[in-house]
Amino acid sequence: MLRYTLIRLAMMVPAFIGITLVCFVVLHLSPGDPTSKLTDLNPKASPTYRQRLKEIYGLDKPLHVQYVNWVSSLVRLDLGRSFALDRRPVLDKITERLPVTLAMNLVSMAIILMVSLPLGLFAAVRAGGAFDKTTTVIVFVCFAAPSFWLALLAMQLFGIKLQWLPISGLTSLGFENFTAWGKFKDLASHLALPILISSLTSLASISRYLRSNMIDIIRQDFLTTARAKGLPERVVIWKHALRNALIPVITILGLSVPGLVAGSVIMETTFAIPGLGLLFYEAAVQYDYPVVMGALVMGAVLTLLGNLLADIGYAIADPRIRDQAFK
Amino acid sequence: MDWPRNALKGMWANKLATAGAMVVLLMFAVSWLAPVIATHGPDDVDVAMRLKPPGTEGHIFGTDRLGRDVFSRMVWGSRVSLKVGFVAVGIATLIGVILGAIAGFYGGILDAIIMRFCDLMLCFPTIFLILAVITLLEPSIWNVMLVIGLTGWMGVTRLVRAELLSLRGRDFVLASKAMGASDLRVISTHLLPNAMGPVIVSATLGVAGAILTESALSFLGLGVQAPMSSWGSILSNGKNFIQTAWWLTFYPGLAILVTVLSYNLLGEGLREILNPHRKGRGFD
């Protein structure tokens with residue numbers, strides 16, 4: 001197991017280099033350089049000022065030199081300074097926003113698992129039945145509904161009509177003076193809608209996936225054997241079949257990380273929650289190029305970590321994987 | 001070639017897919033006939049009729065903050081969704097088929113390079129990548145199509161590669177090679193037609209995805225720019241009026257939902273029809 005983990009970790013190095021290359025190429029092959037958006041809008045910017053800006057950010061050097069400089073400061077966790085007025089280090093900006101996004105996505109994932117498992121299972125066990133048909137329809141609708149639209153509808157219903165939940169921000173006024181329980185309640189009420197809505201899409205796809213997976217497993221011989229030796233149907237389904245259906249779900253959870261991270265841009269923007277997604281959006285709109293680069297790398301690294309955890313979880317659950325993987 | 005007829009037969013058997021196909025056709029008709037169907041000019045400002053609820057004086061879906069007719073704007077906006085969906089998916093499918101064919105047919109180092117690149121691209125949350133590029137390019141409908149297309153080819157590549165890997169050793173391929181067919185000919189006339197089923201399915205589902213992405217980008221203000229309207233941008237304008245004018249957000253969102261749902265149903269139905277082995281995996 002340790003060997004597997006180590007090899008899998010080593011494989012992340014080329015992937016990381018690849019990620020930085022893609023980020024770099026994407027941002028440098030696009031027409032217009034990062035400082036032009038900053039200076040074109042500013043009538044006071046003289047050609048000398050532009051030149052100086054380019055020198056400050058090293059944009060006058062050849063591309064490969066720029067890349068090496070950027071990556072070498074990246075591994076020292078120096079992401080440069082933001083173009084915004086505060087000129088703060090990009091790393092500080094990202095690390096103060098990251099916990100919110102991470103926490104939201106972890107809770108989302110927990111909800112997705114807790115709901116999609118029983119949903120997919122029941123649908124599979126009685127495939128073609130009324131429950132299966134109803135959930136199929138609901139799942140398809142959830143999958144097709146734009147999340148920002150659902151967010152706006154939920155705001156209208158729970159925030160404005162019923163006045164149950166706040167519709168934007170992370171905390172209420174005077175949050176610092178609340179008791180611990182009050183703080184928790186306040187955070188939960190602010191995050192309830194964004195978390196629930198961002199879970200819906202993945203919930204749909206994972207319960208769907210689990211259903212088709214389970215249908216394949218139910219037809220297999222070892223379940224017939226289990227029934228033949230007289231086990232009750234409950235044990236056959238919940239023990240023998242479920243365990244096997246669960247394994248691929250780990251991978252799917254890992255694969256849904258980029259979707260969740262991407263979804264956080266929309267959710268956080270809509271609900272004005274100060275997380276990584278909102279930071280990224282604000283940076284993109286303000287042409288804050290160092291922050292965009294930093295957040296892009298961070299998003300990809302999060303995905304890479306998600307895949308790593310999924311692979312390790314997969315290897316723990318299925319001994320065949322860790323034995324075969326690196327032969 | 002009797003699969004089109006079988007496909008049509010299967011289609012009738014699959015009611016949901018047929019319903020999806022109908023709505024897709026209807027959307028085509030609406031965007032083609034936009035000048036006829038729209039009751040008002042999409043950009044006709046009428047200050048006296050600002051923020052009127054649906055049904056007021058012939059405004060079926062009400063009016064927005066400038067008194068423009070929401071229904072007519074949506075009818076014209078359907079052209080944007082359609083265009084973005086098809087152009088973006090066209091780009092993605094073209095790249096995917098070419099890369100997948102190279103990887104699957106030649107294998108070896110080319111395959112390894114293409115597949116690693118594929119894995120890499122899958123690491124990026126799509127919206128992040130798109131936002132980063134849009135930061136540097138001017139936001140416009142063409143850039144949105146291009147970027148969605150350039151970030152959406154990985155699934156098709158994997159599909160085509162897998163199909164070609166399983167086909168390339170078959171006897172009919174060896175036979176045509178023995179007769180002196182060039183690689184290009186073997187790939188384009190013998191291999192790709194056999195791999196088209198999954199590609200069509202993934203393209204249909206891809207259109208749904210592209211429409212969703214475009215509406216999300218326009219919602220964030222990074223897609224279609226004023227005065228052009230798309231469903232996403234109408235929704236985005238309505239965001240500031242959710243307390244008073246629900247119709248500004250409700251109808252465009254519903255249009256996106258119905259359209260995306262139809263493409264998904266059609267795609268799932270096609271999957272059943274084009275791949276009879278998978279019975280019971282989609283909807284039954």
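Below, chain A is the first sequence line, B the second, and so on; all start at residue 1. For clarity, every value in this text was computed on a predicted model and none was experimentally measured. Any value given below was found using the heavy atoms of this structure, including those in side chains, with hydrogens, waters and symmetry copies removed.
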| message | Please evaluate residues A/F148 and B/S215 with respect to the criterion side chain to side chain contact (heavy atoms under 4.5 Å, CB included), reporting the C-alpha separation (whole Å), side-chain torsions for both, the decisive distance (0.1 Å), and the verdict. | response | CA-CA 9 Å; A/F148 48 89; B/S215 65; 3.5 Å; yes
| request: Go through B/F124 and A/T303 one step at a time and tell me if the side chain to side chain contact (heavy atoms under 4.5 Å, CB included) criterion holds. | output: CA-CA 7 Å; B/F124 289 97; A/T303 310; over 6 Å; no
| said: Determine whether A/V292 and B/F128 satisfy the following criterion, side chain to side chain contact (heavy atoms under 4.5 Å, CB included), listing intermediate values before the conclusion. | reply: CA-CA 9 Å; A/V292 169; B/F128 270 42; over 6 Å; no
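Atom CZ of B/F86 is surrounded by more than 12 heavy atoms from other residues, nucleotides or ligands within 6.0 Å. The neighbour count for B/Y251 OH, taken as heavy atoms of other residues, nucleotides or ligands under 6.0 Å away, is above 12. When the shell of 6.0 Å around CG of A/L162 is examined, it contains more than 12 heavy atoms from other residues, nucleotides or ligands. No more than 12 heavy atoms of other residues, nucleotides or ligands shown are found within 6.0 angstrom of CZ on B/F117.
For the set A/G263, A/A144, A/G18, A/A295, the count of heavy-atom pairs under 4.5 angstrom toward chain B peaks at A/A144. Ranked by heavy-atom pairs shorter than 4.5 Å toward chain B, the options A/G306, A/G299, A/C23 are led by A/G299. Between chain A and the residues B/L222, B/L235, B/L212, B/L220, the largest count of heavy-atom pairs under 4.5 Å involves B/L220.
B/L131 CG to A/Y281 OH: the interatomic distance, rounded to the nearest 0.5 Å, is 8.5 Å. Separation of atoms CG (A/L153) and OG1 (B/T249) is listed at 6.0 Å; rounding is to 0.5 Å. How far CG of A/L304 is from CG of B/L122: 12.0 Å, rounded to the nearest 0.5 Å. The line from CZ of B/F219 to OG of A/S147 is 8.5 Å long, rounded to the nearest 0.5 Å.
Within the 4.5 Å cutoff, side-chain heavy atoms of A/F140 are placed close to those of B/E268. Within the 4.5 Å cutoff, side-chain heavy atoms of A/W149 are placed close to those of B/L254.
The contact between B/F250 and chain A is made by backbone and side chain atoms together, counting heavy-atom distances below 4.5 Å. Both the backbone and the side chain of B/L129 come within contact range of chain A, judged by heavy atoms closer than 4.5 Å. Contact annotation for B/A216: both backbone and side-chain heavy atoms come within less than 4.5 Å of a heavy atom of chain A. Both the backbone and the side chain of A/V141 come within less than 4.5 Å of a heavy atom in chain B. If you measure heavy-atom distances from A/L296 to chain B, the contacts under 4.5 Å come from both the backbone and the side chain.
What you find for A/V22 and B/L120 is that their closest heavy atoms are CG2-CD1, 4.3 Å.
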